[in-house]
Chemist: 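Below is one structure. I have some questions about it.
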Amino acid sequence: MIALAGPVLSQAGDPVVPSNPSGYLLLDKGLQYRITKAINSMYNFDFATAERDFTVIMYQYPDHPLPDFLMALGYWWRIEVDVTNTRYDNIFIQYLDRANEKAERIFDEDPKNKEAAFFLAAGYGFQGRLYSERKSWTKAAWAGKNALKYMELSRGEEEFNPELLLGDALFNYFSVWIPENYPLLKPVMALFPKGNKALGLQQLETVASNAFYTRVEAQYFLFRLYASEEKRPYDALRISEYLHGKFPNNPYFHRSYARHLYAVGQWTESVEQSFQILDRIEKGQFGYESNSGRYAAFYIAEYYYRVGDRAMAKQYYLKTVAYGEESESQESGYYLHSLIQLGKIETAAKNKAQARKYFDRVKKYAKRKHPAHKEARDFIKKNKL
């Protein structure tokens with residue numbers, strides 16, 4: 001069982017408690033105590049508060065990679081809400097480069113410095129995440145190789161174990177998962193040691209329970225893997241419910257919570273959360289945008305369709321389509337399924353010409369082997385549209 005209770009919120013500037021004999025800033029419990037509020041603010045999408053506190057840490061420790069890394073992490077979460085949007089890529093990479101440069105200087109002076117190796121492993125690891133999202137596979141592989149090298153060098157510090165395990169866990173899981181799901185990348189993955197998916201999952205659970213800086217990142221990966229790969233939807237729901245409760249203004253956690261409620265059949269709760277998401281989009285709350293709207297509108301539409309209210313279902317399928325076009329997500333499953341449902345609704349209403357337009361759009365955006373493409377073709381043929 002993963003212990004999900006996080007550290008108690010503190011105010012920046014609280015007195016420093018117990019120093020750490022290793023001299024590593026990551027292990028300074030006093031700093032962890034002072035920085036908890038900033039990290040919680042970051043995950044709750046209050047970046048202004050978080051970055052003020054990170055700037056204080058940067059002023060206090062100008063040569064240390066930690067504050068630059070935390071600033072980069074804040075921009076990563078801006079990216080994560082809609083990974084198709086590239087407007088934060090450059091500043092994210094700049095902060096990671098600065099963190100890496102500072103870590104490299106420390107490492108050059110002391111090749112046994114486990115903290116410097118940790119930051120280099122984490123910095124290159126995050127670069128690899130972005131490059132893989134951008135389908136820059138060569139850059140992603142290079143960054144991953146560097147991350148792995150420094151991850152190996154950072155081992156051997158018992159106190160670091162929960163933080164270091166995140167990289168180890170992700171490597172163990174995805175070094176097996178990637179070749180299974182992306183056969184074209186098998187030659188690239190052959191450059192790396194072989195991992196162990198079961199061990200990777202176990203390590204993620206350890207980090208999610210025990211780490212300070214990498215705890216939320218581990219929980220994020222866990223609920224995604226539980227939902228999509230491990231077929232453990234109730235575990236995914238449990239973690240996403242906790243994260244939404246702790247960080248209620250994080251749109252990624254919010255829509256994930258709505259999604260996992262939908263996945264386990266808790267329809268009314270999913271609809272309630274989805275309406276909240278749409279309301280926040282309408283009010284212009286930071287981070288709530290068309291990508292989250294596409295999810296929320298779809299869950300509402302599905303609910304109304306299942307209870308037989310075709311008029312309301314149509315309204316929210318149309319919203320799903322509009323949000324999908326705004327976020328340029330026309331190949332997404334929710335967008336394509338909404339078009340199919342709209343086509344069925346119009347067919348039932350004897351509006352065959354309009355129905356045919358919806359199915360033609362499915363055929364336009366879905367690849368021929370996609371189930372939606374086949375369903376559109378079959379429906380057109382069966383109903384003589």
Side-chain angles (χ1 to χ4, degrees), residues 82 227-228 231 233-234 236-237 240-241 244 251-252 254-282 288-385:
D82 181 5
S228 61
K231 306 299 183 266
Y234 285 97
L237 173 60
S240 62
E241 181 178 18
H244 174 58
Y252 188 91
H254 198 171
R255 77 177 186 226
S256 298
Y257 178 42
R259 180 179 188 174
H260 296 139
L261 286 167
Y262 167 80
V264 302
Q266 294 185 24
W267 290 88
T268 55
E269 295 90 340
S270 178
V271 166
E272 180 184 348
Q273 295 301 322
S274 297
F275 274 123
Q276 285 184 22
I277 291 169
L278 295 185
D279 183 58
R280 292 181 182 192
I281 294 170
E282 289 294 318
Y288 284 81
E289 39 54 80
S290 56
N291 205 32
S292 296
R294 177 167 53 89
Y295 285 76
F298 180 79
Y299 304 141
I300 296 169
E302 286 282 280
Y303 169 77
Y304 281 124
Y305 191 84
R306 291 194 179 210
V307 299
D309 189 336
R310 296 296 188 262
M312 291 297 288
K314 177 179 176 180
Q315 179 182 331
Y316 283 94
Y317 283 130
L318 286 170
K319 269 186 178 287
T320 306
V321 169
Y323 280 128
E325 289 170 353
E326 186 180 336
S327 60
E328 297 182 352
S329 305
Q330 287 94 332
E331 294 183 3
S332 72
Y334 290 171
Y335 179 88
L336 296 171
H337 185 69
S338 294
L339 289 175
I340 286 173
Q341 294 297 86
L342 286 167
K344 290 178 179 178
I345 290 169
E346 294 298 347
T347 302
K350 311 297 185 189
N351 298 324
K352 288 194 169 185
Q354 182 60 48
R356 178 61 191 255
K357 288 179 183 178
Y358 286 129
F359 287 114
D360 283 345
R361 282 164 73 184
V362 174
K363 291 167 63 180
K364 176 182 177 182
Y365 291 114
K367 293 178 180 174
R368 187 166 180 83
K369 291 183 179 180
H370 194 288
H373 198 290
K374 182 179 187 306
E375 187 174 357
R377 294 197 313 269
D378 291 348
F379 196 92
I380 289 170
K381 184 176 180 181
K382 182 180 178 180
N383 292 276
K384 298 181 171 58
L385 297 182

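If you read the sequence from its start, that first residue is 1, and numbering goes on from there.
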Chemist: Compare every heavy atom of Gly324 with every heavy atom of Arg294, then report the nearest pair and how far apart it is.
Modeler: CD-CA, 3.7 Å
Chemist: Quick check: closest heavy atoms across Ser290 and Tyr323, and the distance to 0.1 Å?
Modeler: O-CB, 3.5 Å
Chemist: Describe, in one word, how the ring planes of His254 and His244 are oriented to each other, choosing from parallel (under 30°), tilted (30 to 60°) and perpendicular (over 60°).
Modeler: parallel
Chemist: Return yes when atom NZ of Lys231 has more than 12 non-hydrogen atoms of other residues, nucleotides or ligands closer than 6.0 Å, and no otherwise.
Modeler: yes
Chemist: Any donor and acceptor pair, going by atom type alone, linking the side chain of Asp309 with main-chain N or O of Met312 inside 3.5 Å?
Modeler: yes
Chemist: Which atoms form the tightest heavy-atom contact between Val321 and Tyr335, and what is the distance?
Modeler: O-CE1, 3.4 Å
Chemist: Quick one: does Lys350's side chain have a donor or acceptor within less than 3.5 Å of a partner on Thr347's backbone?
Modeler: no
Chemist: Under 6.0 Å between ring centres, would you say that holds for Tyr252 and Tyr295?
Modeler: no
Chemist: Quick one: do Glu346 and Arg356 make a salt bridge, cutoff under 4.0 Å?
Modeler: no
Chemist: Without swapping roles, check the side chain of Ser270 against the backbone of Ala258 for a donor-acceptor pair under 3.5 Å.
Modeler: yes
Chemist: When rounded to the nearest 0.5 angstrom, what is the spacing between CG in Leu237 and OH in Tyr234?
Modeler: 8.0 Å
Chemist: Distance-only, no hydrogens or angles: does the Thr320 side chain make a donor-acceptor pair with backbone N or O of Phe298 under 3.5 Å?
Modeler: yes
Chemist: State whether Tyr305 and Arg310 meet the cation-pi test: NZ (Lys) or CZ (Arg) under 6.0 Å from the six-membered ring centroid, and within 45° of the perpendicular axis.
Modeler: yes
Chemist: To check you understand the geometry: which heavy-atom pair defines the closest contact between Tyr365 and Leu336, and what is its length?
Modeler: CB-CD2, 4.0 Å
Chemist: Is the closest side-chain heavy-atom distance between Asn291 and Arg255 below 4.5 Å?
Modeler: yes
Chemist: Search all heavy atoms of Ser327 against all heavy atoms of Asp82 and return the closest pair with its distance.
Modeler: CB-OD2, 4.5 Å
Chemist: Hydrogens and angles aside, do Gln273 and Tyr257 bring a side-chain donor and acceptor to less than 3.5 Å of each other?
Modeler: no
Chemist: To check you understand the geometry: which heavy-atom pair defines the closest contact between Ile281 and Ser292, and what is its length?
Modeler: CD1-C, 4.2 Å
Chemist: Measure the shortest side-chain to side-chain distance between Gln341 and His337 over non-hydrogen atoms and say whether it is less than 4.5 angstrom.
Modeler: yes
Chemist: Can you give each donor-acceptor pair under 3.5 Å made by side-chain atoms of residues 259-269, sequence neighbours left out, with the distance rounded to 0.1 Å?
Modeler:
unit_1, atom_1, unit_2, atom_2, d
His260, ND1, Ser240, OG, 3.0
His260, ND1, Ser256, O, 3.0
Tyr262, OH, Glu302, OE1, 3.2

Chemist: Identify every side-chain donor-acceptor pair in residues 378-385 under 3.5 Å, counting partners at least two apart or on other chains, and give the distances.
Modeler:
unit_1, atom_1, unit_2, atom_2, d
Asp378, OD2, Lys374, NZ, 2.7
Asn383, ND2, Phe379, O, 3.0

